[in-house]
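The block underneath contains the structure these notes are about, expressed in structure tokens.
Both counts, for ligands and for their atoms, begin at 1 and track the order of listing.
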Amino acid sequence: MKAAPFDHHAPETVAEAAALLAEFGDEAKVLAGGQSLLPLLSLRLTRFEHLVDVHRVVELHGITRTDDALRIGAATLQAEAEHDAVVAGAVPLLARALPHIGHFQIRNRGTVGGSLAHADPASELPTVALTLGATFEAASVRGTREIAADDFFTGTWSTALAEDEILVGTRFPVWAGRTGYGFAEVARRHGDFALAGVAAAVALDADDRITRVAVGMLGVGATPVRVGAAEAALVGTVPDGAALAEAARAGMAALDPADDLHATAAYRRRVGAHLMETALGAAIEEARRG
Ligand SMILES: Cc1cc2nc3c(=O)[nH]c(=O)nc-3n(C[C@H](O)[C@H](O)[C@H](O)COP(=O)(O)OP(=O)(O)OC[C@H]3O[C@@H](n4cnc5c(N)ncnc54)[C@H](O)[C@@H]3O)c2cc1C
């Protein structure tokens with residue numbers, strides 16, 4: 001099938017893009033890399049009269065680092081972020097997660113902001129953003145605002161962005177000290193969306209005690225989720241293998257994954273606990289070496 005006819009707009013500034021969204025209201029949609037939107041349009045699962053293509057908006061491109069944050073412009077390609085040394089140095093969890101997104105052809109077209117705004121609960125980048133407590137920058141004709149990751153993902157394919165808002169960029173916190181990161185997921189085939197996945201970050205003190213830990217999961221709810229029960233079980237401890245297994249068990253017990261066409265809830269629980277142990281183990285090991 002082919003998409004229903006639409007007008008293609010190619011603004012060159014955020015202000016122009018915001019004005020188009022304000023003018024056309026619910027008949028308009030932002031088009032970034034098109035890797036999620038175009039299949040939906042082509043299958044006629046959705047339809048918009050106006051597509052506001054943000055590819056030429058220079059303000060939306062680029063990666064910048066400050067002392068405590070890494071900022072990625074919304075239209076920055078996933079492949080650019082994946083191969084960027086600044087990203088790998090500042091927020092290693094992003095560098096670990098990015099190669100798991102689809103295939104390289106997808107990452108060559110798909111954008112970081114597009115993945116975050118699309119908010120698929122089985123997506124890697126939303127999970128990393130939630131795990132690390134990223135901040136989202138939004139713009140519209142009404143002005144700009146910031147949205148905390150905890151408030152951003154509101155449901156499957158749904159975010160706190162208003163219809164007339166553009167995601168301009170995302171700031172990921174840079175963790176300092178002896179830190180380590182782990183990312184693990186399971187998919188039926190390479191390139192498929194994951195059935196479940198885990199992102200983990202830890203910081204250790206000089207005695208290898210966990211001073212800070214963040215664990216997030218994809219594929220186990222309507223949004224990416226923070227696994228507070230696993231975090232609470234680990235903070236302040238010097239965990240061994242048994243403690244990691246217990247934290248993962250407690251983490252999964254607090255979640256409520258669903259059955260769907262791809263996997264049962266019971267499978268997601270079992271594999272989720274294993275992935276959590278794997279990701280946390282890798283993160284702790286890396287931090288101990290640091
Ligand atoms: C075969 C295949 C496999 C894939 N596998 C994975 C996978 O394993 N993991 C994964 O995470 N993703 C996967 N994807 C999706 C891919 O990551 C997409 O690139 C991403 O979800 C959307 O990014 P995009 O730039 O292509 O956005 P688009 O498809 O252009 O847009 C997606 C949505 O985000 C909105 N949007 C985009 N940019 C903005 C903005 N700046 N402000 C406001 N709204 C905006 C659009 O309006 C639209 O609703 C896969 C896609 C395909 C086709």
Side-chain angles (χ1 to χ4, degrees), residues 3 6 8-11 13-14 17-18 20-22 24 26-43 45-48 50-62 72-82 94 97-130 136-140 144-145 147 152-153 156-170 183 185-197 199 218-219 223-224 262:
F6 55 80
H8 177 262
H9 303 267
T13 64
V14 169
L20 287 162
L21 291 181
F24 296 117
D26 64 6
E27 293 178 356
K29 196 76 173 158
V30 172
L31 172 68
Q35 299 302 296
S36 294
L37 184 56
L38 287 184
L40 293 172
L41 292 170
S42 298
L43 293 167
L45 294 171
T46 189
R47 178 177 183 165
F48 295 95
H50 300 272
L51 292 189
V52 179
D53 184 344
V54 293
H55 180 68
R56 292 191 195 162
V57 179
V58 177
E59 297 152 80
L60 296 183
H61 291 267
I72 304 186
T76 304
L77 295 178
Q78 294 162 5
E80 278 177 70
E82 178 184 355
L94 273 173
L98 277 156
H100 290 277
I101 299 176
H103 306 272
F104 71 85
Q105 293 93 336
I106 306 291
R107 303 192 294 275
N108 281 341
R109 299 290 301 188
T111 64
V112 170
S115 172
L116 294 166
H118 189 60
D120 191 302
S123 270
E124 290 78 8
L125 295 183
T127 305
V128 171
L130 182 74
F136 296 88
E137 302 167 4
S140 70
T144 58
R145 68 176 176 130
I147 308 167
F152 189 76
F153 301 104
T156 300
W157 301 325
S158 140
T159 71
L161 289 172
E163 212 167 61
D164 65 344
E165 278 183 316
I166 298 165
L167 179 63
V168 177
T170 307
F183 190 91
E185 68 172 43
V186 63
R188 277 187 192 279
R189 298 171 306 185
H190 168 72
D192 281 2
F193 274 95
L195 298 174
L218 54 99
T223 62
H262 308 292

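- Among the atoms of Ala122, none of the N or O lies under 3.5 angstrom from an N or O of ligand 1.
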Side-chain donor/acceptor pairs under 3.5 Å, residues 72-82, sequence neighbours excluded:
residue	atom	partner	partner atom	Å
Thr76	OG1	Gly62	N	3.0
Thr76	OG1	Gly62	O	3.3
Thr76	OG1	Gly73	O	2.8
Gln78	NE2	Thr111	O	3.0
Glu80	OE2	Leu77	N	3.3
Glu82	OE1	Arg107	NE	2.7

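- Counting heavy atoms under 4.0 Å from ligand 1, residue Asp192 touches it through the backbone alone.
- With a 4.0 Å heavy-atom cut-off, ligand 1 is reached by the backbone of Val30 and by its side chain too.
- Ring planes of Phe183 and His100: tilted class, angle from 30 to 60°.
- The distance criterion of under 3.5 Å between nitrogen or oxygen atoms is met by Gly102 with respect to ligand 1.
- Note: no N/O pair closer than 3.5 Å links Glu165 and ligand 1 by distance alone.
- For Leu60, no nitrogen or oxygen atom sits less than 3.5 Å from a nitrogen or oxygen atom of ligand 1, counting backbone and side chain alike.
- Side-chain atoms of Gln35 never come within 3.5 Å of backbone atoms of Gly110 as a donor-acceptor pair (strictly under, hydrogens ignored).
- Taking a 4.0 Å cut-off on heavy atoms, Ser115 registers as neighbouring ligand 1.
- Not a single N or O atom of Gly110, backbone or side chain, sits closer than 3.5 Å to an N or O atom of ligand 1.
- When only interatomic distances are considered, the shortest N/O to N/O separation between Ala74 and ligand 1 does not fall below 3.5 Å.
- Legend: side-chain hydrogen bond (donor to acceptor under 3.5 Å, both in side chains) pairs involving residues 156-169, not counting sequence neighbours, sorted by first then second residue: Asp120-Trp157, Arg142-Asp164, Arg145-Glu165, Thr154-Ser158.
- Residue His103 places no N or O, backbone or side chain, under 3.5 Å from any N or O of ligand 1.
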